[in-house]
Amino acid sequence: MDLTRISLVELRDAIAAKKLGAEEAARGYLQRIEKLNARLHAYHEVYADRALARARAVDNGEITGPLAGVPLALKDNLCTDWGHTTCSSKMLANYQSPFTGTAVAKLEQAGAICLGKTVLDEFAMGSSTENSAVGPVRNPWNTDCVPGGSSGGSAAAMAADLCAGALGSDTGGSIRQPAALCGIVGLKPTYGRVSRWGLVAFGSSLDQIGPFGHTVADVALLLRTIAGVDPHDSTSVDQPVPDYVAQLDRKPDQLRIGLAKQYLSDANHPAVAKAIDDAVKIFQSAGAEIVQVDLPHTEYGIPTYYIVATAEASSNLARYDGVHYGHRAAQCDDLTDLYAASRAEGFGDEVKRRIMLGTYALSSGYFDAFYLRALKVRRLIKNDLDAAFARCDAILCPTTTGPAFRFGDKAGDPLAMYLNDIYTVNANLAGIPGISVPAGLADGLPVAIQLFGPLFDEPRLLRIARLYEQATGHGKLRPSI
Ligand code: GLN
């Protein structure tokens with residue numbers, strides 16, 4: 001069976017029907033990793049023995065479940081009680097988590113097999129995976145280009161079929177943006193839909209774990225498995241988990257698609273602008289009404305996000321002090337010196353920049369002017385979206401302004417890098433779900449459309465995304481690596 005041509009759902013069905021052994025599938029992916037990972041650097045750590053042992057347990061019936069035998073990749077900021085959880089940081093280079101986080105535990109309980117951990121921008125801070133302390137990830141469509149970030153390793157592994165599905169985390173776009181640049185589907189669920197227990201915290205009011213897949217059905221199946229309330233995460237929401245998969249083919253009734261001028265800038269690459277125009281036609285021919293909505297505070301998304309996210313990061317990353325966790329500097333004179341030297345050695349430049357920005361925004365005398373004001377603008381952004389969703393079922397917009405850029409193009413200019421997130425951060429600020437779906441190629445590189453939905457409306461969002469996917473077939477394109 002050709003592992004580079006099938007979806008997660010097809011693979012799962014083949015294993016369940018015993019047309020394909022779970023061990024055979026795991027070996028197939030491990031061989032592809034062996035062959036391609038040196039070029040792509042998507043995986044930081046691979047658990048071949050553990051994966052094969054679990055695959056054999058699937059084949060002999062000891063492990064069962066709706067994902068039995070499905071090989072997955074995990075972003076390396078998801079805690080597992082095996083292997084390392086490094087966040088692609090020198091700070092956690094040798095860290096072994098004493099526990100497995102909820103989302104990963106649920107996948108394993110459903111029978112999935114974790115092939116390995118994937119490279120990210122250090123502590124999930126970045127949009128290109130160039131901030132990784134273990135080296136960048138390459139885009140399978142063009143290895144001179146970035147795969148996006150921060151979940152670049154998971155997206156590249158997925159796009160190159162080094163796994164059948166993957167998890168990432170999205171604080172300001174880190175699932176959707178790399179999904180767009182790698183030509184796969186990526187979903188950021190509603191804040192609170194998936195437990196964050198076992199996700200290394202970056203911006204706790206923004207972070208959400210979510211799936212990557214080749215198809216909308218694949219991400220629906222993964223979401224169904226990982227969603228739900230969790231006593232370990234007080235921000236997880238106690239709402240029933242719908243059967244996202246079973247509802248996929250229900251025709252969306254009276255579909256209204258919102259378009260906001262704030263997302264249709266002249267700065268968009270022509271292929272992105274065309275993708276949006278084409279999507280409008282597709283939705284119209286499916287009977288949808290196109291509604292103009294206004295999101296006047298959109299332009300404040302980036303400054304607001306980079307205050308809230310850095311403020312939360314500065315607080316979350318205070319725990320890495322050389323005493324409790326991670327890297328400890330040798331030969332220090334006193335405790336203060338130990339803190340300073342351990343943090344100076346353990347964190348990379350971008351993480352330090354975020355800690356400094358966040359500490360500044362939270363410090364006495366500046367708190368009201370920056371952090372408090374950012375929270376107020378965050379509310380205005382959310383109010384805009386709430387008002388828009390009173391008039392439409394989903395908002396259609398680009399995921400990124402253009403296709404993947406080349407290594408080094410933005411690495412020296414933090415502001416240019418931050419502007420990458422212009423179309424993704426507002427979903428995190430408002431807590432709403434967002435999905436990126438492949439929209440074809442521009443000069444051999446993928447572009448994408450994005451759809452936002454109201455809080456907890458993933459069933460309809462996935463149906464709308466599926467309608468688009470089936471009308472276009474772009475998701476079937478694969479890089480010739
Ligand atoms: N690129 C954004 C940032 O650098 C988003 C990161 C993320 O979603 N983890 O903060």
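If you read the sequence from its start, that first residue is 1, and numbering goes on from there. Ligands are counted one by one from 1 in listed order, and the atoms in each one are counted from 1 as well.
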Around atom CZ of Arg353, are there more than 12 heavy atoms from other residues, nucleotides or ligands closer than 6.0 Å? yes
Ligand 1 versus Gln208, non-hydrogen atoms closer than 4.0 Å: side chain, backbone, both, neither? neither
Show which atoms of ligand 1 fall inside a sub-4.0 Å distance from at least one heavy-atom site of Phe202. 9 (N), 10 (O)
Determine yes or no for a side-chain-to-main-chain donor-acceptor pair under 3.5 angstrom, with His327 supplying the side chain and Gly322 the backbone. no
Under 3.5 Å, is there a donor-acceptor pair linking the side chains of Tyr191 and Arg196? yes
Backbone or side-chain N or O of Gly172 under 3.5 Å from ligand 1 N or O: yes
Taking N or O atoms only and a 3.5 Å limit, does Ser169 qualify as a polar contact for ligand 1? no
With no hydrogens and no angle check, do the side chains of Thr401 and Asn268 hold a donor and an acceptor under 3.5 Å apart? no
Quick one: does NZ or CZ of Lys117 land under 6.0 Å from the six-membered ring centre of Tyr43, within 45 degrees of the ring axis? no
Can you list the ligand 1 atoms lying under 4.0 Å from a non-hydrogen atom of Ala124? 6 (C), 7 (C), 9 (N)
Write out the residue and atom name of the closest protein heavy atom to atom 3 (C) of ligand 1, then the distance separating them to 0.1 Å. Tyr306 OH, 3.3 Å
Nearest heavy atom to atom 2 (C) of ligand 1: which of Asp421, Ile175, Thr424 does it belong to? Asp421
Are Phe123 and Tyr320 near enough that their ring centres are under 6.0 Å apart? yes
Give a yes or no on whether the backbone of Ser97 and the side-chain of Asp81 come within a donor-acceptor separation of less than 3.5 Å. no
May I ask you to list the atoms of ligand 1 that are less than 4.0 angstrom from any heavy atom of Ser150? 9 (N)
Could you tell me whether some N/O pair between Gly173 and ligand 1 is separated by less than 3.5 angstrom? yes
Is it true that a side-chain atom of Thr143 and a backbone atom of Asn139 form a donor plus acceptor pair closer than 3.5 Å? no
Quick check: does any side chain N or O of Asp121 sit under 3.5 Å from a backbone N or O of Thr129, one acting as donor and the other as acceptor? yes
Ligand-side contact atoms (ligand 1) for residue partner Asp170, heavy atom cut-off under 4.0 Å: 8 (O)
Has Met417 got any heavy atom lying under 4.0 angstrom from an atom of ligand 1? no
Less than 3.5 Å between some nitrogen or oxygen of Ser174 and one of ligand 1, yes or no? yes
Would you please say whether a donor-acceptor pair under 3.5 Å links the side chains of Ser127 and Asp421? yes
Please confirm whether Tyr418 comes under 4.0 Å of ligand 1, counting heavy atoms of the residue only. no
Give yes if a backbone or side-chain nitrogen or oxygen of Gly149 is under 3.5 Å from a nitrogen or oxygen of ligand 1, and no if not. no
What is the closest protein heavy atom to atom 10 (O) of ligand 1, and at what distance does it sit? Tyr305 OH, 2.6 Å
